[in-house]
Amino acid sequence: MEILGDEIEVFKENIKPLKDGRKVHSLHQPLTLHLDKRTRDEIDLKRREFEKCIKYDTSDDPLDLYVQYVDWTQIMFPTESSASKLLPLLEKVTRRFKDDQRYKN
């Protein structure tokens, strides 16, 4: 099933807008997640990869991985569903970096 142009009308009121906008072709996979177990498994695998990278990160900017993870989550889950797990992710990032002097202005 391909979602393009007029077919997006069914979903458009549930798609959360992003500051930089969204590309129509990038909405196909996220909007059809519920239809394909293989796609859901790939999403879960990518989520675990992000978590593993974050856990073992030794870079100078640990926030960067979280930013990538949040961006990816917003792209993969354009409708504000609980399946995105965005809120717990944002809470985790906030708790981890709220007292980190590198990120205070």
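Other residues, nucleotides and ligands place more than 12 heavy atoms under 6.0 Å from the CG atom of Asp44. The neighbour count for Lys104 NZ, taken as heavy atoms of other residues, nucleotides or ligands under 6.0 Å away, is above 12.
Residues Val93 and Val67 form no side-chain contact, since every pair of their non-hydrogen atoms from C-beta on lies 4.5 Å or further apart. The shortest distance between side-chain heavy atoms of Arg47 and Met76 does not fall below 4.5 Å. Using a 4.5 Å heavy-atom threshold, the side chains of Tyr56 and Lys52 count as touching. Between Leu45 and Glu42 the shortest side-chain heavy-atom distance does not fall below 4.5 Å. With a 4.5 Å cut-off on side-chain heavy atoms, Thr73 and Lys85 do not count as touching. Between Arg96 and Pro62 there is a side-chain heavy-atom pair separated by less than 4.5 Å.
The cationic group of Lys46 lies under 6.0 Å from the six-membered ring centre of Phe50 and within 45° of the ring axis, placing it in a cation-pi geometry.
Here Glu51 pairs with Lys92 in a salt bridge; the nearest charged N to carboxylate O distance falls below 4.0 Å.
Remark: aromatic rings of Phe97 and Tyr66 are close, center separation under 6.0 Å.
Asp61 and Ser59 share no donor-acceptor pair across their side chains, judged by distance under 3.5 Å alone.
The minimum heavy-atom distance between Asp60 and Arg102, with the atom names listed, is O-NH1, 3.1 Å. Between Tyr69 and Ile54, the shortest heavy-atom distance links the atoms CD2-CD1, 3.7 Å.
Between the OG1 atom in Thr94 and the CG atom in Asp99 there is a gap of 11.5 Å [rounded to 0.5 Å]. Atoms CG and OG, on Leu90 and Ser84 in that order, are 8.5 Å from each other to the nearest 0.5 Å.
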